[in-house]
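Right, one structure below, let's go through it.
Each residue takes its place number in the sequence, starting with 1.
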Amino acid sequence: NMAKALLADGILDSCTDIEEETPACTMKVLSMEIITQQNHQIQGMYGAVEDLEYNTTDDCEVEVSKTNTFKIKPIDDPSLCVDSTDVEVRVLVLRECNDRLSQVWRIDHKGRIRNKVTKLCMVRKGKNVRLRSCLNGEENDVTFGFGDTIVFGNRGVMTPGATSEDGLETALRVAPRVVNAAASVGPDPQAFTFAYL
């Protein structure tokens with residue numbers, strides 16, 4: 001749909017010869033390739049649906065967040081939420097989920113995970129997971145990866161660390177991905193979910 005919108009909008013009309021190596025011509029060619037490829041995939045899907053005798057009018061309801069905000073919860077204990085400490089360094093921890101806005105997150109326009117209340121971004125500082133100015137974080141340095149992990153570039157994934165003496169907080173750190181963690185210890189301690197609000 002975005003490719004069709006680009007072509008219909010007229011913004012790429014400055015490209016009159018698609019063989020030119022201008023940004024407008026590059027976008028025009030990409031848009032046409034996307035539309036062609038997706039149409040091919042759609043036709044293939046219709047054929048498969050027909051061969052499998054599925055009802056082509058079935059539709060599913062997909063819940064979409066109206067606020068685009070979410071809480072980040074470990075899959076192995078959904079009663080906990082990622083939160084920031086109140087101290088100046090703003091280390092991220094797991095705490096019991098509550099009404100604190102510091103437990104509410106969103107993905108910004110550059111794909112960064114940003115805290116709703118502080119407007120700071122989730123970043124890696126050494127082996128710690130912290131909140132810092134979004135200007136300090138590389139675009140897409142932190143991503144939601146395969147296996148429900150929060151990935152910090154090639155440095156590792158968000159992982160629960162040490163628990164505080166009072167047992168109310170668990171520090172979050174960056175550690176290598178444990179392969180087959182779920183098979184060896186039950187629910188995967190390095191897996192997180194975005195619980196949309």
* Among all residues two or more places apart in sequence or in another chain, which pass the side chain to side chain donor-acceptor pair (under 3.5 Å) test with T26? -> none
* So, the side chain of S133 versus the backbone of L135: is there a donor-acceptor pair under 3.5 Å, distance only? -> yes
* Structure fact -> Value for CG (N128) from CZ (R90), rounded to nearest 0.5 Å, stands at 15.5 Å
* Asked: In chain order, what residues pass the side chain to side chain contact (heavy atoms under 4.5 Å, CB included) check against D99, with sequence neighbours excluded?
  -> none
* **ILVMFWY network linking L92 to L168, side-chain heavy atoms under 4.5 angstrom** => no
* Verify, without hydrogens or angle tests, whether R130 (side chain) and S84 (backbone) share a donor-acceptor contact under 3.5 angstrom. => no
* **salt bridge (charged side-chain N to carboxylate O under 4.0 Å, His left out) contacts in which one or both residues fall within residues 21-35, not counting sequence neighbours** => none
* Partner residues of T16 under the side chain to side chain donor-acceptor pair (under 3.5 Å) criterion, sequence neighbours left out -> none
* In one Ile/Leu/Val/Met/Phe/Trp/Tyr side-chain cluster, 4.5 Å: I34, V29 -> no
* Asked: Considering only heavy atoms from C-beta outward, does the side chain of L94 approach that of P160 to under 4.5 Å?
  -> yes
* In chain order, what residues pass the salt bridge (charged side-chain N to carboxylate O under 4.0 Å, His left out) check against R124, with sequence neighbours excluded? -> none
* Asked: Roughly how far, to the nearest 0.5 Å, is the CD atom of E20 from the OG atom of S14?
  -> 8.5 Å
* Could you list the residues that satisfy side chain to side chain contact (heavy atoms under 4.5 Å, CB included) with K116, not counting sequence neighbours? => T69, V104
* Look only at the side chain of K119 and the backbone of C134, and say whether a donor-acceptor pair between them is shorter than 3.5 Å. => no
* Asked: Between the side chain of Q103 and the main-chain N/O of E96, is any donor-acceptor distance below 3.5 Å?
  -> yes
* Would M32 and I18 count as a side-chain contact (heavy atoms from CB on, under 4.5 Å) if you check the C-alpha gap in whole Å, the side-chain angles of each, and the deciding distance to 0.1 Å? -> CA-CA 10 Å; M32 291 186 312; I18 61 172; 4.0 Å; yes
* Could you tell me whether the side chain of Q190 and the main chain of V178 form a donor-acceptor pair under 3.5 Å? => yes
* Asked: Can you name the salt bridge (charged side-chain N to carboxylate O under 4.0 Å, His left out) partners of D108, sequence neighbours left out?
  -> R112, R114
* Asked: Please walk me through it: do D188 and D76 pass side-chain contact (heavy atoms from CB on, under 4.5 Å)?
  -> CA-CA 6 Å; D188 186 349; D76 67 345; over 6 Å; no
* Structure fact -> F194 meets the ring pair (Phe, Tyr, Trp, His ring centres under 6.0 Å) criterion, sequence neighbours left out, with F70, F144
* **For T193, side chain to side chain contact (heavy atoms under 4.5 Å, CB included) partners two or more places apart** => K73, I75
* Under the side chain to side chain donor-acceptor pair (under 3.5 Å) test, residues paired with R155 that sit two or more places apart -> none
* To do: Check whether any side-chain heavy atom of D148 sits under 4.5 Å from a side-chain heavy atom of F192, and report yes or no.
  => no
* What do you reckon, is CG of L30 surrounded by more than 12 foreign heavy atoms closer than 6.0 Å? -> yes
* Asked: Given side chains that start at C-beta, do those of N68 and I107 come closer than 4.5 Å, heavy atoms only?
  -> no
* Nearest 0.5 Å please: distance from the CD1 atom of I150 over to the CG atom of L172. => 8.5 Å
* Quick one: CG on N98 to NZ on K71, what's the gap to the nearest 0.5 Å? -> 6.0 Å
* Structure fact -> Value for CD1 (I72) from CG (D83), rounded to nearest 0.5 Å, stands at 10.5 Å
* To do: For Q41, check side chain to side chain contact (heavy atoms under 4.5 Å, CB included) against everything at least two apart and list the hits.
  => Q37, Q38
* Given S31 and L12, is the side-chain contact (heavy atoms from CB on, under 4.5 Å) satisfied, shown in steps? -> CA-CA 10 Å; S31 296; L12 303 177; 4.3 Å; yes
* **Counterpart residues, side chain to side chain donor-acceptor pair (under 3.5 Å), relative to T118 (two or more places apart)** => N115
* Minimum heavy-atom distance between T85 and R95, given as atom pair plus value -> CA-NH2, 3.8 Å
